[in-house]
Amino acid sequence: MNRFDFIQPITIEDAIAAWRPGAAWLGGGTNLVDLMKTGALQPELVIDITHLPGLGTIETLPDGSTRIGALANNSDLAHDPGISRRFPMLAEAILSGASGQLRNAATVGGNLMQRTRCAYFQDPNAACNRRVPGLGCDAREGENANLAILGWSASCIATNPSDFCVSLAALDAVVEVQGPAGRREIAFTDFHHLPGDTPERENALKPGELILALRLPAEAAQFATNSRYLKLRDRTSFAFAIASAAAALRLESGRIAEARLALGAVAAKPWRVTEAETLLTGHIPDPALFERAADAALAGAAPSGGNAWKIDLARRTAARALVMAAAGTPARMPALPASPFGELTGEPTHA
Amino acid sequence: MSISITLTLNGAARDIALDDTRVTLLDLLRERLALPGTKKGCDRGQCGACTVLVNGRRLNSCLTLAVTLDGAEITTIEGLAEGDELHPVQSAFIENDGFQCGYCTPGQIMSAVGLIAEGHAGEDLERIREGMSGNLCRCAAYHGITLAVREATRRMAEDKKGQAA
Ligand SMILES: Cc1cc2nc3c(=O)[nH]c(=O)nc-3n(C[C@H](O)[C@H](O)[C@H](O)COP(=O)(O)OP(=O)(O)OC[C@H]3O[C@@H](n4cnc5c(N)ncnc54)[C@H](O)[C@@H]3O)c2cc1C
Ligand code: SF4
Ligand code: FES
Ligand code: FES
């Protein structure tokens with residue numbers, strides 16, 4: 001790890017004034033410190049934001065929207081009674097990610113900003129356009145079995161690893177940020193970028209901008225009774241997704257009045273698929289309909305390496321998540337959150 | 001850059017002068033404070049061997065920078081027993097064969113103490129397994145670990161009831 005200076009500001013203004021090129025915000029540190037150890041990231045100044053006031057709260061605003069402070073930790077958020085009741089698939093996505101220890105440390109802002117798990121991004125000795133533009137991409141000819149099948153480019157085929165962000169994309173969240181030029185808001189689906197020719201531009205944040213909070217619109221709670229997150233992994237727990245889907249339905253008189261679908265682990269951003277949502281709207285929930293929606297969701301998919309197998313897996317994951325959402329949100333968080341093992345709605349049995 | 005921090009470590013106040021901002025809590029404990037009970041497995045958040053309690057919550061000490069911890073209360077495996085009397089989680093691990101080589105054990109025990117305090121798993125074996133999934137055991141003593149956590153959960157709930165009565 002390279003040497004760095006460290007400060008712990010106690011006002012947002014001081015934090016933003018202290019930022020300079022080469023600085024990094026520190027939340028829970030579970031991603032930043034890891035990448036500093038590998039040498040992939042070498043900030044000269046680490047600005048610990050965990051002592052900034054007022055950024056840890058979860059509140060309902062007068063317009064019915066829910067505001068989640070950037071420093072709320074992942075465990076507190078997932079176990080917040082209001083969150084798990086109104087947005088169960090957010091809680092299920094969070095609890096399917098990482099471990100109890102990591103979720104205790106990880107912050108909302110850090111989860112949104114976590115970097116790809118592409119092995120070559122983490123290794124400073126590898127060629128990686130995302131880490132150092134123009135260097136090339138070792139993943140194209142290397143370990144790419146779990147990399148992108150949608151939205152990738154010749155310069156980068158990495159995926160976004162977050163589970164939480166997949167549910168957020170489906171629920172139309174908004175990101176509140178503040179930087180040297182003041183405050184602004186970013187629609188969640190515009191927050192993460194596809195690589196194109198500039199994979200180093202990972203998201204919509206400008207230099208020195210700090211995430212203050214996330215907001216979920218009041219309408220997002222209308223899916224509470226029929227929403228699920230489903231996550232396929234190489235092992236039962238404590239593993240990143242190889243394919244995942246957040247599915248939410250609003251049913252009226254037995255028909256789908258509104259649908260939401262987003263896929264994870266398939267692209268450099270959480271992959272919201274409005275085409276599939278439109279296709280579902282107005283219909284009676286039915287497995288064949290869900291298959292068609294899943295086909296539509298993966299229509300543009302193409303392997304970026306030895307990962308053609310993921311296309312079919314993602315399609316089935318999407319269809320299965322819709323079946324689970326139609327069956328209804330379980331009364332209690334499943335013992336294995338987001339797991340494909342076990343009953344569709346009841347308690348899962350162990351793999 | 002050097003920074004001074006104050007910690008409450010296993011109940012005792014400690015002033016610590018850090019000459020290097022890069023020191024993790026894990027390395028501080030093991031290399032500088034002569035507390036090698038906390039283990040280093042992966043050093044990357046992937047194995048749980050380094051689990052300690054920070055302000056009562058379980059964390060991976062390998063990913064926690066020591067400079068961030070000014071004012072924090074830290075409990076390691078060395079601070080769990082009261083004199084010769086083992087913590088209920090420690091005794092339950094012994095009674096249920098919750099380990100073989102013992103390398104992962106301090107992390108498992110600290111994680112279990114954290115899990116029980118969080119209170120979401122109860123005595124449900126499936127939920128205990130899921131709640132303990134951040135702690136890998138190369139010897140695969142998982143069966144005993146799961147039973148030990150359940151027994152400790154039960155015993156600690158009874159002790160609490162006993163105290164309240
Ligand atoms: C072993 C392991 C397994 C994991 N498994 C999963 C998994 O299955 N699913 C999953 O979704 N995640 C998983 N994670 C990732 C984990 O969720 C992230 O590391 C965590 O959410 C990051 O949050 P943090 O607060 O620790 O971020 P930090 O490490 O503090 O920061 C991460 C990045 O975000 C920036 N940042 C932090 N806060 C802000 C802010 N407010 N504004 C702007 N920038 C900010 C930092 O500068 C840094 O670049 C895993 C991590 C590990 C180590
Ligand atoms: S896929 Fe992207 S992140 Fe991975 S090596 Fe290539 S450029 Fe880097
Ligand atoms: S040493 Fe910290 S998790 Fe492995
Ligand atoms: S007892 Fe040997 S690693 Fe767990």
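Chain letters run A, B, ... following the sequence lines, proteins first and then strands; every chain starts at 1.
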Can you tell me which portion of [X] sits under 4.5 Å from chain A's heavy atoms? Options are side chain, backbone, both or neither.
X	result
B:Leu125	neither
B:Thr64	neither
B:Ile3	side chain
B:Gln46	both
B:Thr51	side chain

Quick check against the 3.5 Å criterion: does A:Arg320 have a side-chain atom that pairs as donor or acceptor with the backbone of A:Pro340?
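Present.
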
When you measure from the side chain of A:Arg103 to the backbone N and O of A:Gly97, does any donor-acceptor pair fall under 3.5 Å?
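Judged by distance alone, yes, a pair lies under 3.5 Å.
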
Does [atom1] belonging to [X] count more than 12 external heavy atoms closer than 6.0 Å?
X	atom1	answer
B:Arg154	CZ	yes
B:Glu73	CD	no
A:Glu143	CD	no

Contact class of [X] relative to chain B, heavy atoms under 4.5 angstrom:
X	answer
A:Thr50	neither
A:Leu95	backbone
A:Arg235	side chain
A:Asp5	both
A:Asn31	neither

B:His120 vs A:His79 aromatic rings, parallel, tilted or perpendicular, using cut-offs 30° and 60°?
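It falls in the parallel class, under 30°.
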
So which atom in B:Thr75 and which in B:Val52 form the shortest heavy-atom distance, rounded to 0.1 Å?
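Answer, listing the atom of B:Thr75 first, then B:Val52: O-CB, 3.5 Å.
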
Using a 4.5 angstrom heavy-atom cutoff, name the option from B:Met1, B:Arg44, B:Glu118, B:Arg22 with the most pairs to chain A.
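Most heavy-atom pairs within the cutoff with chain A belong to B:Arg22.
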
At a heavy-atom distance under 4.5 Å, which candidate from B:Cys62, B:Gly131, B:Gly48 has the highest pair count against chain A?
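Answer, by heavy-atom pair count under 4.5 Å with chain A: B:Cys62.
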
Between the side chains of A:Gln122 and A:Asp34, does any donor sit under 3.5 Å from an acceptor?
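Checked: A:Gln122/A:Asp34 side chains show no N/O donor-acceptor pair below 3.5 Å.
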
